2 protein chains.
Amino acid sequence: MTFTTRERLITAAFDLFEAQGFDATTVDQITTQAGVGRTTFFRTFGTKEDVLFPHHDEVLARVAARLGTATPGTRAVAVQEAARIVLDHYIAEGEVARRRYRLTSSVPALREREIASVERYRRLFSQHITHWLEGEPDGALRAELTATAVITAHNHVLRQWLRGATTDLPRDFERAMPFALRTLTSETGGQTVVVVSSAPSVEGVVADVRRALARDSAHA
Amino acid sequence: MTFTTRERLITAAFDLFEAQGFDATTVDQITTQAGVGRTTFFRTFGTKEDVLFPHHDEVLARVAARLGTATPGTRAVAVQEAARIVLDHYIAEGEVARRRYRLTSSVPALREREIASVERYRRLFSQHITHWLEGEPDGALRAELTATAVITAHNHVLRQWLRGATTDLPRDFERAMPFALRTLTSETGGQTVVVVSSAPSVEGVVADVRRALARDSAHA
DNA sequence: CGCTAGTACGGTACTGAGTACAGCCACGAT
DNA sequence: ATCGTGGCTGTACTCAGTACCGTACTAGCG
């Protein structure tokens with residue numbers, strides 16, 4: 001079987017980074033090992049860090065597409081499935097994802113790069129949800145909180161899996177996501193109810209709960 | 001009045017970045033303008049980006065100190081006040097903060113740098129809260145969600161202020177933070193009550209609420 | 001006063017990432 | 001056959017960041 005230039009660069013980079021460390025490896029070494037010219041490397045990846053994150057643009061596009069199909073009433077589902085797309089990508093990568101995790105954990109420059117790419121996902125979720133909640137009280141804030149919560153829950157279970165602390169990643173994901181989706185209550189179809197009350201008495205809180213439930217069922 | 005080398009470098013850098021753009025400005029130009037040697041620049045700031053974020057280490061230390069003094073029962077307050085420390089720092093910076101915001105908004109490299117420093121705050125909160133919730137069900141996940149929520153709420157109101165969309169930043173902060181502190185409910189002394197229920201009926205949810213309130217008041 | 005140690009600064013020389021540019025070759029279409 | 005066109009290569013350059021050494025100034029001590 002034959003490999004593309006891109007694939008040969010990626011494997012060469014991974015091997016060298018693991019053998020010598022990221023900083024100690026020069027782009028010249030990578031291109032020599034891959035048997036291509038130096039210019040080709042930078043045309044393909046832009047920066048030395050990017051060679052480790054070669055699929056994010058594509059995954060980002062898939063996530064955006066999924067969020068774009070959400071309709072009122074299916075938004076919580078769309079958010080959850082969109083996050084699931086990212087997770088599935090890591091699962092598909094398998095051992096490659098773990099190799100990258102070991103590298104990003106130990107090299108500060110790579111950590112920063114990874115954080116930046118997480119931020120791109122966060123922004124994508126944030127933009128969509130903000131749009132959905134436009135006009136609602138505290139919509140912008142609630143949207144950002146929901147987006148970060150989804151990303152955080154996703155990253156939490158993903159990291160457990162990358163560390164080898166867990167094996168049933170989909171199950172962990174299903175468990176963690178409801179925490180994250182609290183601020184999208186009216187979307188959850190009554191399965192999970194969240195009420196925030198500042199009432200001073202127990203009966204006041206209960207009244208707030210009944211009010212909230214009545215409002216939610218009126219939406220349904 | 002006399003200025004330290006550090007201060008002269010900072011002002012020179014800000015001026016040049018605003019006049020010519022960040023990428024078009026070389027470290028040589030900054031040091032020439034400030035009247036110091038090139039070596040001094042890198043000894044003082046490490047990287048060209050760092051000159052724009054000169055106080056984060058110190059603020060980070062203050063935040064850590066505040067979180068360290070939290071005791072069971074005062075944790076929600078500690079978290080809120082710790083976030084407030086960061087906010088107050090920006091308020092004290094005043095126009096400098098806005099100048100930096102304009103730069104970070106337009107230059108990708110600076111945006112990444114800023115995101116990375118936000119992540120440092122997030123980690124700090126996360127570490128403390130994780131420690132507090134050790135042993136509780138889903139403690140690690142809830143801790144991360146709380147930390148990110150606090151950071152998100154903080155950043156949300158801060159950004160409004162930096163954009164000039166609001167003037168009463170402390171008030172916005174007080175309003176936004178309760179959203180973020182939802183997952184620290186048992187700490188809020190009853191002022192904010194959050195209940196997550198999966199009960200299939202209204203009465204079931206209400207029963208869950210009463211149970212949760214009973215449990216919380218037993219803690220008090 | 002001389003001596004010493006620490007601290008802040010400066011200069012030189014180097015590595016290596018990233019850019020600009022010009023050229024080359026294989027290919028498919030007309 | 002030739003004419004793009006897309007993927008590849010080499011050369012030369014800028015500039016951030018590092019290593020190393022030398023130099024002033026100050027503080028403290030005999």
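Chain identifiers are assigned alphabetically (A, B, ...) following the order of the sequence lines, protein sequences preceding nucleic acid strands; residue numbering begins at 1 within each chain. A quick note: this is a predicted structure, and the numbers were derived from the prediction, not measured.
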For B/Arg43 and for B/Lys48, find the nucleotide of DNA chain D with the closest heavy atom, then tell me which residue's nucleotide is more 5'.
-> B/Lys48

Rounded to the nearest angstrom, tell me the gap between atom [atom1] in [X] and atom [atom2] in [N].
X       : N      : atom1 : atom2 : value
A/Phe17 : C/dA17 : CZ    : P     : 9 Å
A/Leu9  : C/dA17 : CG    : C1'   : 16 Å
B/Phe42 : C/dG10 : CZ    : P     : 14 Å
A/Arg8  : D/dT9  : CZ    : C1'   : 14 Å
B/Gln20 : D/dT14 : CD    : P     : 17 Å
B/Glu49 : D/dA16 : CD    : C1'   : 9 Å
B/Phe41 : D/dA16 : CZ    : P     : 9 Å
A/Phe45 : C/dT19 : CZ    : C1'   : 18 Å

When the ring planes of B/Phe45 and B/Phe41 are compared, do they come out parallel, tilted or perpendicular, using 30° and 60° as the limits?
-> tilted

Answer yes or no: does a side-chain N or O of B/Thr5 lie under 4.0 Å from OP1 or OP2 of C/dC9?
-> yes

Does A/Thr40 make a side-chain N or O approach to OP1 or OP2 of D/dT9 shorter than 4.0 Å?
-> yes

Using a heavy-atom cut-off of under 4.0 Å over every strand shown, decide if B/Thr39 touches base, sugar-phosphate, or nothing.
-> base

With heavy atoms under 4.0 Å as the rule, sort A/Thr25 into base, sugar-phosphate or nothing.
-> sugar-phosphate

Tell me, do A/Thr146 and A/Trp132 make a side-chain contact under 4.5 Å, heavy atoms counted?
-> no

Does a salt bridge link [X] with [Y], judged by any charged N lying under 4.0 Å from a carboxylate O?
X        : Y        : value
B/Arg111 : B/Glu114 : no
A/Arg98  : A/Glu93  : no
B/Lys48  : B/Asp23  : no

Side-chain donor/acceptor of B/Arg38 to base of D/dG17, under 3.5 Å | yes

